[in-house]
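Every chain is numbered from 1, with letters handed out A, B, ... down the list of sequences.
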Amino acid sequence: MDLALIPNGVQRCSLKVFVPWMLLWLVILAGGLLSAFLCFYKGLNQTNMNHHFAFGLWIVFDLSLIALGAGAFFSGFLTHIIGEVFIYPYVEDLKAIINAAVVIGFICYSAAIAMLGVDIGQPLRGWFIFWHANVHSMLTEVSFCITAYLGVLTIEYLPLILSNRKLNEIRELNIFGSNLHHAMALFAAAGTFLSFFHQGSLGGLFGVLFARPFAFREGFSIWPWTFFLFILSSIAAGPSFTLLCVWIAQKVTGKELVKRSVFTLLAKISGWLLATYVILKILDTISWAYGVVPRAGLSFMDFYEGPYGVWLIVAEIGIFGIIPAIILITPRLRERNDLLIVGALMNITGIVLNRFVFTIQTLAIPVMPFGKFMSYFPTWQEWGIAMGAVGYGILVFSLSYRYLPLFPQEAELNPIRVLGKAVTDSGIVKRG
Amino acid sequence: MQFSRRDFIKFAVGGLGGTLLSPLPWKLMDDIAIWTQNWSWVPVPARGKFSTIKSVCTLCPGACGIEVRKVGSRAVKIEGRSDYPVNQGGICPLGMAGLQILYNEGIRWKAPMKRVGPRGSKRWREIAWDEALDELATRIKGLRDTGNPEKLAAIDGNQPRSTMALLVRRLLDAVGSPNYLVMPRGEDTHAMATFLMQGGRGPAAFDLENTDFIVSFGCGLFDGWGAPGRMLSAWGEWARNKDRKYLIQIDPRASNTASKADQWLAPFPGTEAALALGVAHVIIKEKLYDREFIQNHAFGFTDWRDAQGIEHKGFSRTVLEKYSPEIVERITGIGRGVITDVARKFASARAPIALAGRGKGLLPGSVYESMAIHALNALAGRVNRKGGVLIPDDLPLASWSDVQHDPVAMDGLTRERVDRAGTQRYPFTGSLIQKFTEAINSGHDSPADTLLLCSANPVHTIPDGRSFARAMAKIPFIVSLSPFMDETSMMADLILPDHTHLEKMVDIVWPTGIQYPLYALSQPVVQPVYRTKHSGDVIISLAKGIGGAVAGSFQWTHFEEALQERVRGLYDSGKGRITYDASEPVRKGLATKGSVSSPYSSFKTMWEDIREHGCWYIPSHSFGDWSDVFQTPSKKFEFFSTKIEVALKAYSKGKSFNDAILQLGIGSKGDEVYMPHYEEIKPGAKEREYPLLLYPIELINLASGWIGNPPFLNKTLFDHQLREDDLFVEVNPKTASRFGLKEGSKAMVISPKGELRVRVHLFDGAMPDVIFIPVGLGHTAYDRYLKGKGVNPHEIIDQAEDPLSGQPVWWNTRVKVRRI
Amino acid sequence: MFPFVFEWGWDAGRLIFMGLLYLVLGVISLGLLYAFVKTWLQLRSPRRK
Amino acid sequence: MKKEDRTQGTRYGMVIDLDTCTGCGVCSVACASENNVSVLYDESDKTRNITWMQLYMVTNGKGFPETEVVCIPRPCMQCDNPPCVPVCPSTATRKDPNTRIVSQIYTRCIGCRYCMAACPYQARSFNWFDPSFPEGMDRYLSPEVSPRMRGVVEKCSFCHHRLMRARAKAYADGRRDLKEDEYIPACVEACPTKAITFGDLNNPKHRVSELVKGPDAFRLLERLGTEPKAYYKSTKGWVRRMADNYLSGEFKGRG
């Protein structure tokens, strides 16, 4: 039925499979929308957040999504700036996933912004951040940058959408799409700038909390060290997340969508960045433990109590930091498919854990000497919205995959055979 | 015209661009922002003219001056008055939250109500005031017509000595019923102890402001005791003065008062009398007492011989023999060295004072204990002295004309009270609500037919209120004058709702504990919010409705007239002061003997001023001649109470003396029964089965009297006191670990009377083996902000009976805990 | 965000922040403008394909 | 950014004498009553209810019978270096340059709660619910303070409307400066023990400026650098120690 929309030279499953698949995620998205409605209608009492846990699951999710979405800007940066302006030998491999990276980025950022819209107590006044902007607030910087960057992502996404077979037939759109594509280096540059700052500001968000010794960091000029660590960790996690998404897409579709060398490249980038990050993170932790902490009159172990024990830091830096870094930078290890995936997965787990720690543990630790350690568990509405974001992401990705030429190498890697002969120019061949 | 695809795109792009460039999006955004500021469900306080009105808070007998800020006709804020002698600026949290009592629709009766469903079904019909009053008058008339006027009973929670209390009492008197009961109070115990040792019925007055050394035997001085406004402002002054008072707090728990005190002693609960006598022992032994006072003004201190020539052992020898620090240490758990030290400090202070009581003093205490503690005041010669315990001067209020008793009334008044208070069995007690309950519960038919409840909620506020509720079920007709939908009025048949304290004029005669004559008068701050009626007017209308001699005893048209008639006496006395200057605190005036003459030349102007300023007082004390001070048979301060002697002799007439005093609950023998002594009160339950003691505590920020706790006060409770609907009990960590209890554990506290579901707060400051439980929550009535929150310890109090007074002992219930 | 919103002050922090912001937004707008204009020009030109 | 000269102008602050404070809670009730603070059905939920003047209870940690308790009333600390102000993205909270009072503009607040994460004193509360008052109680609401809507953060304002009231009165009397006790917040006025002193810390004639100099004066979490203008006083060493975090052996206070 939707044959006419499917890109040239590739095969897609039948609607009988596709529709139920979509319905599943649609239901999950609907759950998210219901939760969002409840939060809008009844207020944030629908969550388990409170005065102590001013931020909860959503902020953890937002930070994680934005960190993972960094694959888009970093791939874009490598492809369009390093690859075209300078010379980058692996640019062809990058071009194989740049579309996917953009779509993933778009999904992550749009979902994050939507979640933030629910998270604030007065969503209808959300635009006050822009209107009455306080330029000294890291959150202002984050808001401006992610909003603008979502615009950039949309612009980057647009040529891909316009290259849909049907849309591409419209001359105006065709021309417009290719013109946008020509200017892509410009957008990638703007995107890189924006991303750099908001990834950093997200780290700054916590690093500047000088009255929260757990989060507070010294730094360079107005930027606390977390500013740079967040940038580094996001570009370390982004490619791994892209890798993982593509790998999952391969498993779900049962097709090889990109060459193995693409995975290797992503793993290599991710691995070296992660390794750098982990070293700096360890240095940061040590200097924090010997600087900020004793100056606040506290000792390292004062921050690890109850469910937020010292296992968290071991897990975050040790297990999910050092190990994946080793896996991803060691050619022998990353060549093994299973280890490659485990490495990427551990990498992003570590980064998500980092965002979790900065959000939740910062708030769980009482600063007042007579305060109490708090713990928090989200309500179903909070989970609903978080899962809704996942559902939304899979929906958009599935649609993009089905109807857009997401993977330039797909056709080449999966030649359609009619009577045993490879066919390159026909739209679809029904499977037997 | 052909509308091409191209045109469509142009149109769409142009339209979008045009809209974005137009003012429309900006306007919409602005409108949305404004809308979020003015949501219709967010209340917008009405504006109006600002004004303030002065009055007096009558929520407790403390009578603090308040100033109410109004906007238009609404009261918006209560503040303490600094131009009022009692509190000098401060008030307690309950008083501060007064508007939540006035305006709380969920807890107030809005009109007279008649029960339509079965009792307790909460089905009511709104009726007219005339109809309601008619019904009650007819019923009382019926009782009188059948010759049973005594079957009308009243339980009165109005402040003692107030015009309201007098009026209720007068109604019963005129109808011909002796069954006028009052809600029991700590003050009653003080009054009884001073009566037995000094003679004269009057409230106790403590010149705390002029002391330099206070030993408080359990009074929560800064936890709501006495007039909280006065106590807190006095404390503030002491705390800021470098040469401040020395305060010893005796308390089984590190209460706020104990922590503020210079020294905190924690004897086993109920052994305070022994501790006091241990202190007395050292004072006597070391001859540190005030010899002049003891020699000239005390009776029974040394050994003496009576008219029959019988030798009696004096107080001093008894104490020396029986209360050595070693013995007292065994009884109380307080080290002998500490006892000796306290005694020396007490005796060497310039103006020491010893105070008896428990918590806020809302519930009666033990008479012998009060006497033992008061004996310390006598030993130090602190009776009728500046900075000591004063014998209050009478307020010169005019009395009303005598009650007209018709034959029915005369006959009715000869009948015995249901509670037997004032009989030979309870010779010194005016009213015993517990015995009233017992009498009703033990008989087949209730001896009371119609019960009138004024300003009281006994189902909730008296120990073992469940028994009272059972008794209520047997009383054929119950009328409540409560303004609130409290537990007791929910069981009534007829509701005649009173105004709340901010809607009516009432007086408080001599606020509790104040050491100079003071008459406090509140005035209506706002118009009545609902169709309620002043209880004073209700009583007067009722009397008129009953007619005959009863009506004749109530010659007034309304309450204010009756009140004014009394106040006229203040004018006639030619004394007193109405305005107060904070720079001239009353305590200074108390240094001098004498009185202050009034500048008023007409009653009318004086009345207007009293109304406006809310008080009349004499900032001095008369310190009468020693010959008038003690109204005992010996005309002296009696360590050996002849009043007890007479009463016990009369009671034991015809029986064995020892059996008789055992019946009275007195365990001691010989002359000791007439003297202050330590009387061990044995709880009913066995220690082996119930290893812990339940000790109800009172918090200043938790209303524990008949007023339900307002929501603002819930804000101030810690989450280790109340969490969701669970009340926390304080348990010493050692005790807790013995019973497997942890912080926040849920547990049942079980006494022979019942069980309470609580949670546990581990508190180092709690005495081991004692469970401390706050009083005031556990309501089964009121609104959802109060109902079902916490539990009411009164429900499981396994009350013993205090010897002599017959009042319940509520701090001595044995319990066990079970973790759930 | 704009000089006419009343928190606006001409301090350095604000100028740097807003300057960079508007610079980036400007770059993005320029890119878009380029695409639009070029598309428009190409559509107007008679050359097909 | 220009560095603020804190010795200039008015710096309103308060000193709470913990030796005098009995923990009665009047300040808290007076505050709630003065400022139209809403009431939850479950006020025991301290993580969700709204209290501008919050009481904390601390003990000296000693066993029975050496235990002591002290209550610490905690208004907004009105920090001179407020952690909450620079983080607010929509400029909804500011430190007034003339009074140094940290204000909160409810109608500007978008409810992101970043300020709450920044404040170590838990002095800020978020309206998780629509403002509610038990039935009939909207009748005592004061028109001087606007009730807050759901979804915004609120906090102690040092009863800013009272400052306005006092200024209006002074203006009517033809004065420019306020007398020492002319403007005091509701909690200060209500404290029955007069444990709270309020005034201009920069004015040497005001009692507060003298009180904060004593050896017993301290602030909560002083070493974090928030520079609170709400001071405390206690002669008890353990209380002063309780006010901040110290490594072992670091606290050298007396008493």
Side-chain angles (χ1 to χ4, degrees), chain B residues 36-37 39 41-47 71 74-80 87 89-93 96-97 99-100 103-106 222 228-229 232-233 235-236 239-240 254 256 259-260 264 266 700-701 711-719 722-724 732 764-768 783-785, chain D residues 17 19-20 22-26 28-30 32-34 36-37 39 41-46 49-51 55 57 59 61-65 67-71 106-107 130-131 133-151 186 189-195:
Chain B
T36 61
Q37 297 170 17
W39 280 339
W41 57 91
V42 176
V44 181
R47 302 194 164 270
V71 174
R74 300 184 298 126
V76 300
K77 176 83 192 294
I78 296 178
E79 273 153 19
N87 53 314
I91 51 172
C92 77
M96 186 58 90
L99 296 177
Q100 292 201 320
Y103 287 130
N104 192 348
E105 204 154 316
F222 317 126
L232 290 170
S233 75
W235 161 251
R240 277 187 304 277
N256 286 342
S259 292
K260 286 287 161 258
W264 168 41
I700 191 166
N701 52 344
F712 275 158
L713 264 58
N714 287 349
K715 272 189 195 294
T716 67
L717 291 174
F718 295 111
D719 65 350
L722 178 72
R723 198 178 303 161
E724 284 168 10
N732 188 283
D764 283 320
M767 176 179 275
D783 61 348
R784 65 188 202 110
Y785 289 82
Chain D
D17 183 353
D19 290 343
T20 307
T22 64
C24 69
V26 173
S28 190
V29 176
S33 171
E34 176 87 18
N36 298 340
V37 172
V39 178
Y41 163 59
D42 178 16
E43 277 292 334
S44 77
D45 185 358
K46 305 300 176 197
N49 79 338
I50 294 180
T51 324
L55 293 176
M57 184 185 262
T59 77
K62 291 190 182 166
F64 182 87
T67 322
E68 266 179 45
V69 297
V70 160
C71 278
Y106 312 123
T107 51
D130 277 310
F133 302 91
E135 211 185 336
M137 291 203 192
D138 50 351
R139 283 173 287 192
Y140 66 61
L141 295 181
S142 156
E144 287 183 289
V145 185
S146 54
R148 279 69 65 184
M149 59 291 288
R150 169 231 287 173
E189 180 181 85
C191 178
T193 64
K194 301 189 173 64

Quick one: does any side-chain atom of Ser233(B) pair with a main-chain N or O of Asn87(B) as donor and acceptor, under 3.5 Å? yes
With no hydrogens and no angle check, is any side-chain donor or acceptor of Lys715(B) less than 3.5 Å from a backbone partner on Ile50(D)?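 At least one qualifying donor-acceptor pair exists.
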Checking [X] against chain B: side chain, backbone, both or neither under 4.5 Å from a heavy atom?
| X | result |
| --- | --- |
| Thr107(D) | both |
| Lys194(D) | both |
| Tyr106(D) | neither |
| Asp45(D) | neither |
| Val37(D) | both |
| Arg148(D) | backbone |

Could you report the tightest heavy-atom contact between [X] and [Y], atom names first, then the distance?
| X | Y | value |
| --- | --- | --- |
| Leu232(B) | Ile700(B) | CD1-CD1, 3.7 Å |
| Asp783(B) | Gly106(B) | CB-O, 3.7 Å |
| Thr67(D) | Lys62(D) | OG1-O, 3.0 Å |

Contact part of [X] toward chain D, heavy-atom cut-off under 4.5 Å: side chain, backbone, both or neither?
| X | result |
| --- | --- |
| Glu79(B) | side chain |
| Asn714(B) | both |
| Lys260(B) | side chain |
| Ala97(B) | both |

Answer whether the closest heavy-atom distance between the side chains of Pro147(D) and Pro45(B) falls below 4.5 Å.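 Yes, at least one pair of side-chain atoms sits under 4.5 Å.
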Check: Asn256(B) and Met57(D) side chains under 4.5 Å, non-hydrogen atoms: yes
Among Gly80(B), Pro228(B), Ala75(B), Gly229(B), which residue has the highest count of heavy-atom pairs closer than 4.5 Å to chain D? Ala75(B)
At a heavy-atom distance under 4.5 Å, which candidate from Met137(D), Glu135(D), Arg139(D) has the highest pair count against chain B? Arg139(D)
